[in-house]
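Within every chain, numbering begins at 1; the chains are lettered A, B, ... in the order of the sequence lines, protein sequences first and strands thereafter.
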Amino acid sequence: MEALFAITLGVLTASGVYLLLRARIFPVVMGLTLISYAVNLFLFAMGRLRTGVAPVLGKSAEYGDPLPQALVLTAIVIGFAMTAFVVVLALRGLGEVHSDHVDGREPDQ
Amino acid sequence: MTLALIIALPFLGACLPLLAARRGRSLCAAAAALVPLLGLILLFSQSSKVFSGMVVKSSVAWLPELGLNLSLRLDGLGFLFALLILGIGILVIVYARYYLARHEPMGRFFAFLLLFMGAMLGLVLSESLLLMLMFWELTSLSSFLLISFWHHRSDARRGARMALTVTGGGGLALLAGVLLIGHIVGSFELSEVLVAGETIRAHGLYPLTLILVLLGVFTKSAQFPFHFWLPQAMAAPTPVSAYLHSATMVKAGVFLLARLYPALSGSDWWFYLVSLSGLATLLLGAVTALFQHDLKGLLAYSTISHLGLITLLFGLGSDLATVAAVFHIINHAIFKASLFMAAGIIDHETGSRDMRRINGMWKYMPHTAALAMVASAAMAGVPLLNGFLSKEMFFSETLQQNLLGSFHWLLPIAATIAGVFSVAYSLRFIHEVFFNGEPVDLPKAKPHEPPRYMKIPVEVLVFLCLLVGMLPGWTVAPLLAVAASASLGGELPAYSLAIWHGFNLPLAMSIVALLGGVLVYVLRQPLFRWYEGLPELDAQGIFRRCAGVLVDFSRDLTGLLENGSLQRYLGLMLGSALLLAAFALAPLADIDGPVALTPMDGITVLGLAALALTALLSAVFHRNHLVALMILSGSGMMVALAFARYSAPDLALTQLSVEVVTIILLLLTLFFLPARSPAESSSLRVIRDLLLAVGSGILVALLAYAVLTRPYESIAAFFLENSLSGGGGSNVVNVILVDFRGFDTLGEISVLAIAALGIYALLYGLHLPHPALDHNGRPWSTDSHPMILDSLSRALLPMALLVSAFIFLRGHNLPGGGFIAGLITAVALILQYIAHGVAWTHARLRFSYHALAGAGVLIAALTGLGSWAFGRPFLTSAFGHFSLPLVGEFELATAMLFDLGVYLVVVGATLLILSNIGHVSQDESSKEVP
Amino acid sequence: MKALRGLPHPLLSLLLTVIWLMLVNTLSFGHLLLGAFLGWAIPLLCRDFLIEVPRVRRPLQLGLFVLKVFGDILVANLAVAKLVLGPKERLNPAFVEVPVAIEDKFVLAVLTSIISLTPGTVSADLSADRRTLLLHALDAPDPGQLAAEVKRRYEAPLLEIFQCSPT
Amino acid sequence: MPFWIEALVSLFLVLGSLFALVGAIGLYRLPDFYTRLHGPTKATTLGVGGMVIASMLFFAGRPEGPSLHELLITLFLFITAPVSAHMLAKAAMQKKLPLAERTRGKPW
Amino acid sequence: MMHAPILPILLPLFAGSLLLLGHRLGRGIQRRLSLAATWALLPLSVWLLVLAGDDQLRVYALGDWAPPFGIVLLLDRLSALMLLLTALLAGFAVLYAVRGDDERGPNFHALFQFQLLGINGAFLTADLFNLFVFFEILLIASYALLMHGNGAARVRASMHYVLLNLLGSSFFLIGVGTLYGLTGTLNMADLARQVASADATQAPLLAAAGYLLLLVFGLKAAILPLYFWLPRAYAAATAPVAALFAIMTKVGLYAILRVFTLIFGSGAGELADLAQPWLWPLAAITLAAGVFGALAARNLQTQLAYLVVVSVGTLLVGIALGTAEGFAAALYYLLHSTLVSGGLFLLADLIARQRGELGGELQHGPSLRQPALLGGLFFFAAISVAGLPPLSGFLGKLMLLRAVPVGSPALLMWSVLLIGGLGLLIALSRSGSTLFWRTSGSPVAEAGADHLRILACAGLLLGSLLMVVAAAPLQAYVQATARQLLDLSPYLQIGMGGAA
Amino acid sequence: MLAYVIPFCLVVIGLALALNLVRLVKGPSLPDRILALDTLYINALALIVLFGIWLGSDLFFEAALLIAVMGFVGTVAAGKYLLHGDIID
Ligand code: NA
Ligand code: NA
């Protein structure tokens with residue numbers, strides 16, 4: 001399963017990076033979202049992939065590594081804050097430079 | 001201490017003229033002159049020691065490990081230079097008092113002059129080479145200010161910048177040279193360096209060291225090929241030229257030659273580099289001087305030529321030549337200063353410096369003319385004047401050298417030619433200015449003698465020319481002796497300062513030079529025509545062009561690197577990461593680690609495949625934003641399921657909630673953003689991006705797989721063991737969040753609060769036009785608040801809040817917690833915004849989101865602070881199990897208070913963000929947002 | 001139940017308390033207290049948002065009506081399953097306009113919800129004057145009959161239970 | 001766990017999942033958006049209801065006692081599914097999405 | 001006393017959240033609160049510096065959880081020094097801001113305090129993931145501060161800055177994740193112990209993680225090829241923000257210094273001195289690119305931004321050396337360049353204000369209202385930045401030059417440093433003579449500069465002089481700091497739960 | 001018995017999810033995609049409930065509840081977007 005999981009992360013990353021390298025802000029934001037999915041899953045997987053071992057005491061015989069889960073939680077929240085900032089920055093950009101190009105100007109200009 | 005005071009005086013005194021300037025020009029000058037006067041007194045207080053051959057030293061340790069100490073030294077050479085700097089300084093101050101116009105800022109002028117004087121004094125009185133170097137660069141800086149004194153003139157600005165660039169740059173080379181000397185000798189103190197000549201010359205780095213030092217010397221002393229800046233510096237007020245280009249600034253270079261003579265001289269490298277450069281400068285300066293029509297230009301090239309002469313003498317490497325060099329330093333300083341001052345008087349009185357227009361001044365200013373003529377004669381090397389004596393010694397030395405082998409005769413001939421031209425340009429100066437008919441078209445109609453006191457400095461100097469020229473043994477001999485012996489660092493050779501040495505070859509050379517000079521001057525017309533025909537070497541133009549090329553190159557390069565394209569920058573960053581990672585991973589023998597893989601099951605395979613597929617498809621469909629967003633949301637759901645599948649219920653909850661809030665956020669912005677991206681990537685760009693994307697994907701997959709198949713020992717066991725006993729909760733992830741690593745969480749909610757603040761500021765005053773049509777060109781529905789949604793959303797709110805409370809309260813022991821609870825509350829309230837609009841909702845939500853977020857952070861932080869009262873570190877948790885009748889046992893934990901803070905921040909920040917975006921399309925009238 | 005001072009929405013409070021007990025899955029006294037507290041506090045907190053629910057005149061009839069609706073949902077689903085899995089030609093999709101008499105917003109919302117959950121119909125739109133409900137039916141050979149059926153089967157009982165509109 | 005409970009759980013699970021599948025099939029194969037809307041709104045909702053009841057029964061057999069909270073999910077879905085469907089139908093009509101040819105009473 | 005290390009974090013945290021809570025309070029109260037909180041950092045950090053001066057490492061275990069399990073703060077000489085520098089810079093920046101720049105948009109002071117929270121936290125934490133969190137705090141605050149006042153140029157600059165840093169944050173997480181996945185720990189000292197004992201099957205993976213971190217820090221530090229966000233961002237920022245940002249690149253350099261001495265430093269076994277071979281050439285090309293940028297600049301603020309790049313390259317030379325002398329020189333230069341860059345950004349604003357619409361454009365323009373004052377300050381700052389005597393820039397450069405061992409690398413680094421200095425001399429003399437001398441007409445500015453603004457600007461610039469006067473004790477401090485950094489054993493004690 | 005029933009149900013729900021995904025990708029209209037997404041959420045809810053039974057764990061209840069809440073709000077927001085553009089107006 002680890003191989004498939006790793007490949008999935010790879011596909012997520014690749015799709016995200018491709019989108020990140022687009023010129024318009026919305027695809028870029030989607031790329032960031034995909035990358036953050038990949039990164040969060042990666043960080044989470046560093047506690048290893050196991051089933052039925054949720055780290056809630058008394059609910060199972062064994063427990064998985066809770067630390068990466070806590071880290072990912074933090075990362076998700078921070079990622080949300082950042083995404084929100086970027087999209088609003090894009091709105092501001094729309095108001096100030098009238099373009100959704102990441103360089104703040106249409107390529108011909 | 002005295003030495004330090006001599007140096008410090010001008011720096012401290014620089015404010016005196018600034019202060020005195022308001023009280024009148026004479027007082028200002030007097031205040032300025034007071035400084036070198038005091039310096040002279042202090043200097044002379046040391047004279048007995050110096051003349052007895054002692055080296056006066058003082059040292060204060062400053063940065064000993066750096067080799068930079070405040071150590072000073074006064075020996076004969078330093079004395080000589082200090083004397084010139086202070087003495088001529090006083091004269092220049094007196095002169096400038098009358099030279100500067102009434103409207104010019106005299107206080108500032110003298111302040112700059114005193115700064116420069118201090119730097120020069122520091123330079124010649126330093127014992128530490130590093131300290132000397134500091135003063136060296138200070139002279140460049142302060143001379144920059146002096147040369148650019150008339151900064152409204154572009155030639156002054158450019159001349160100053162050129163001088164600074166060349167001499168400052170040379171200073172940097174010198175710094176490297178000095179550091180190498182320090183490296184070789186192990187000390188920067190002159191007393192150690194000067195006795196280590198053998199070691200230095202034997203060292204492999206000697207040639208490099210010498211070249212670097214000479215770069216400093218040659219740039220400063222305007223030696224070929226760095227001579228070009230000096231004539232440009234003539235844009236300075238004449239007192240500046242008189243000071244900088246006779247006795248001080250340009251002499252700093254030859255001072256260094258004299259200073260380091262024992263340490264660096266005595267090798268072929270020295271001989272060839274120094275003497276050939278000196279020779280070239282000597283000839284070039286002498287010849288070019290003749291053809292200058294500008295009075296100061298002539299003097300500038302003459303200065304270059306004389307500096308060449310001095311350099312050549314040092315280059316010859318004999319003790320006698322060194323004596324001659326030191327002697328010529330003195331003589332040149334005296335006559336050149338007086339000549340510049342005379343030129344300044346002429347300029348001042350006629351308004352011009354063009355010798356073709358200034359004629360017949362003898363009639364208008366006979367006194368000045370007489371002084372100038374004597375000084376010129378000294379410059380030409382006419383007997384009975386000081387210039388003659390040192391030039392005679394020079395001729396004699398050129399005859400003595402035998403380093404050029406069979407070409408040894410070249411040097412005396414070249415020296416004679418230089419002498420010829422020297423006489424010719426001196427003659428031109430005298431003849432064309434003071435005689436040669438009537439003035440032509442001068443700006444000032446009736447030239448006359450300058451004020452009485454303006455001439456006094458010139459008179460003093462000319463008197464000295466005569467005195468030294470006629471009574472050398474009585475006047476200059478002791479000074480020369482101590483200075484030369486200090487430079488040589490040992491015994492003086494036998495030499496005679498007599499005026500008459502009998503008929504000998506040097507005398508013959510002098511006579512040839514005098515007669516030849518007259519001849520050349522008489523035949524000057526064809527020479528002038530020849531010179532005009534030469535391709536013009538406009539140093540300023542070349543310099544400007546060089547600077548232009550440099551700037552253009554910089555602009556091209558910078559534009560090439562920093563082309564303003566984010567895609568390029570991101571590509572570079574990703575490329576760097578791939579490169580570094582590939583480099584790191586190359587030695588990895590086996591990707592597979594020893595840990596066995598877990599088996600596959602159908603539903604997980606399907607889920608992961610769906611995740612990968614939706615990700616891929618959202619990239620494929622990315623140009624249609626909304627379609628891609630919908631597909632992307634599918635990925636988000638799959639991620640949540642993956643968390644659930646692999647034992648992370650809290651993560652699944654969080655992912656889900658954040659996902660939905662993000663979708664709402666993106667939908668809010670999509671309303672304003674274009675619905676589609678244009679197809680604008682070139683196929684090359686697409687290929688590049690695909691390569692980077694695939695590379696990044698492979699890197700992440702590889703890292704993940706490699707790590708997952710390797711064993712690890714984690715600190716997790718500690719958390720599992722202590723969660724209940726130490727943290728009071730059985731949901732270990734939550735206990736980590738609010739207790740073990742509560743500090744991270746505090747940071748995380750700060751990020752959220754800051755983002756909300758920043759977003760509020762971003763949206764402040766932003767009003768985007770409400771698109772009238774949807775992306776297909778149809779008008780939007782006017783039914784913005786459908787009745788069913790309206791009713792049911794209101795009915796759902798209490799239930800959602802209840803669920804929120806449920807998730808919050810059980811978070812410590814079961815999946816949930818303040819963060820998710822906060823998002824549920826926020827989403828439930830956002831639903832009200834969606835269902836009823838901003839105005840309706842705001843009317844019912846009467847609290848400030850700002851304050852809510854602030855209160856949240858504050859509560860969390862105060863909870864952490866509470867532990868201080870119990871002498872525990874920040875964020876130390878406490879919990880207890882309590883029991884009440886009927887209710888039974890229940891738990892209270894400070895962590896819950898902390899979690900409440902988290903909850904409030906999430907609610908406040910999320911609502912602040914979303915409601916304010918919603919507000920962007922509102923009319924100005926309904927602004928004020930909580 | 002009448003609204004009391006300090007307990008403005010007793011029914012809602014009760015409902016929330018019950019839901020709380022369901023949520024926590026325990027019947028301890030502590031949770032009863034907590035649930036009651038939340039049931040009291042939440043309506044207070046969001047009192048400006050709460051929708052007016054007309055008084056129930058016939059509680060018993062309401063219970064029967066709920067059961068009937070659940071039965072209809074089950075039956076409807078079997079029917080829909082048959083239509084979904086069967087050949088597409090068997091479908092007779094139609095838009096049907098149903099005039100509605102209910103005026104109360106909440107009850108109207110309940111009606112549209114029930115319509116959407118039951119016999120092959122989805123309430124697609126409500127006219128601006130809230131007088132006409134537009135339905136989409138998956139299989140309606142006779143649209144007129146469908147409209148009448150909806151009015152008879154769902155609207156009439158609701159009107160009776162809540163007595164929210166003069167008929 | 002007693003056999004009859006297990007059997008009941010199994011029954012509800014199978015029924016629930018099959019209804020969910022029916023909803024998905026409807027979403028997949030029905031001819032236009034409006035017809036597709038019916039599957040998820042009804043069948044899927046009911047399917048989930050079935051599974052939730054199965055879950056309730058399953059956990060009721062454990063020492064902690066009966067588990068009723070799953071019912072809330074169903075309750076919630078029954079309240080929300082019509083609203084979602086209504087919003088989407090309104091949106092589709094706003095966009096004038098194409099109707100299956102056989103549709104009668106076309107509103108435009 | 002015991003809580004000392006956390007105070008520089010708590011002070012801005014409480015100030016920031018109070019400002020948030022009272023965001024409707026009057027400007028005056030907000031300003032006073034912000035000023036008080038910022039200036040209180042100064043005595044506090046002096047105290048911490050004195051505390052750190054006894055060469056003991058002070059560990060503050062948050063939540064009373066011992067390392068490596070809980071998060072710990074670490075106060076050593078390096079962190080104390082960085083805190084002091086931040087306090088100085090921030091104090092003057094906020095002083096400048098309260099004269100009106102804070103009114104250009106909402107929430108300035110709260111954001112400013114949160115910015116300090118992030119910076120101070122990053123300097124104090126000894127936990128790698130916590131470092132990530134503080135990085136994010138300082139980044140999000142910097143995004144918002146960069147946009148303070150809004151406007152097209154700021155939007156363009158911010159977009160690049162934000163997006164590049166978001167990618168950087170992803171790298172950070174992957175790096176931290178990989179490290180955790182192999183070592184099972186996050187405490188830097190504990191990581192150092194684990195990394196040191198890594199075998200050949202793990203080392204390449206750890207190295208990859210290390211390089212990802214290097215990239216992240218390099219992005220913050222603005223090292224080529226990652227500095228491109230900087231010129232526009234710094235040039236576009238409001239003056240007090242740009243001044244405060246002078247410390248931002250230094251946070252990246254600090255992180256490089258910390259992580260690549262402790263975790264991947266000389267004691268890292270197979271991975272010893274992981275970054276050093278890359279830092280040499282990077283330092284040189286960064287410096288060169290910065291100098292060319294400064295020469296190319298058409299606008300004063302842009303030129304100053306490139307000077308920041310130059311300073312990064314310069315002090316990276318010292319870090320690349322990996323020796324105590326190199327570190328000491330780099331730290332001295334770091335102090336110098338931060339203060340002077342900060343002061344220069346304020347000065348540029350003062351100048352631009354007196355040039356009307358022309359602002360900082362390097363063209364012939366109107367006369368200034370206070371040419372002597374501003375020109376004098378500019379001359380002073382330019383000397384310092386170009387590394388000419390007698391100011392701190394010279395001493396810093398001298399220390400660096402002396403720290404480079406004589407040999408073939410010296411040839412390269414000396415050349416780059418010295419020729420770079422010449423380039424700066426040319427660039428600054430060009431811009432200075434244009435701004436102050438290529439003028440005509442009467443001044444367009446109605447009045448002279450605000451006194452408090454001048455005080456803020458001059459205060460920072462005079463730091464350069466102060467650093468010369470106090471060069472000896474400062475050198476002693478930075479040398480002791482460098483020695484402390486290179487002596488790993490006390491640090492490693494922390495990872496094992498002991499407070500060394 | 002459950003040992004056979006659960007895998008069967010997993011396959012059935014998996015199939016349903018796959019069909020949802022097909023509709024999500026295929027569209028053709030935006031309401032179709034939103035509907036598919038909404039259905040995906042509810043099927044995911046079913047999957048999670050199934051998961052809980054499979055693992056015998058009641059830790060999945062909150063996730064299921066949350067999907068119900070969040071999926072609804074997401075769908076409403078998207079629906080309103082299509083309807084009115086400005087979802088918070
Ligand atoms: Na809106
Ligand atoms: Na129906």
Next item on the list: Give me the ring orientation class for C:His136 and D:His38: parallel if the planes are under 30° apart, tilted from 30 to 60°, perpendicular past 60°.
Entry: tilted
Next item on the list: Measure the acute angle between the ring planes of C:Phe95 and D:Tyr34, then classify it against the limits of 30° and 60° as parallel, tilted or perpendicular.
Entry: perpendicular
Checklist line | Which atoms of C:Ala137 approach chain D - backbone, side chain, both or neither, heavy atom under 4.5 Å | finding: backbone
Checklist line | Heavy-atom contact with chain D under 4.5 Å, split by part of C:Leu134 | finding: side chain
Checklist line | Backbone of D:Leu30 reached by a side-chain donor or acceptor of D:Arg36 within 3.5 Å | finding: yes
Checklist line | Test item: C:Asp104 side-chain N/O and C:Val53 main-chain N/O as donor-acceptor pair under 3.5 Å | finding: no
In terms of heavy-atom contacts, does [atom1] of [X] have more than 12 from other residues, nucleotides or ligands at under 6.0 Å?
{"X": "D:Phe78", "atom1": "CZ", "result": "yes"}
{"X": "C:Gln145", "atom1": "CD", "result": "no"}
{"X": "C:Lys82", "atom1": "NZ", "result": "no"}
{"X": "C:Leu60", "atom1": "CG", "result": "no"}

Checklist line | Shortest non-hydrogen contact from C:Asp142 toward D:Arg104 | finding: N-NH2, 4.4 Å
Check: Quick one: of D:Thr35, D:Ile25, D:Leu99, D:Leu18, who has the most non-hydrogen atom pairs under 4.5 Å with chain C?
Finding: D:Thr35
Margin query: Among D:Leu72, D:Thr41, D:Val83, which residue has the highest count of heavy-atom pairs closer than 4.5 Å to chain C?
Written below: D:Leu72
Checklist line | Top of C:Leu21, C:Val84, C:Leu126 for chain D proximity - count of heavy-atom pairs under 4.5 angstrom | finding: C:Val84
Next item on the list: Sort out for me which of C:Ile19, C:Asp139, C:Val96 touches chain D most, counting heavy-atom pairs under 4.5 Å.
Entry: C:Ile19
Check: Among residues 87-97 of chain D, which residues come closer than 4.5 Å to chain C, judged by heavy atom distances?
Finding: D:Ala89, D:Lys90, D:Met93
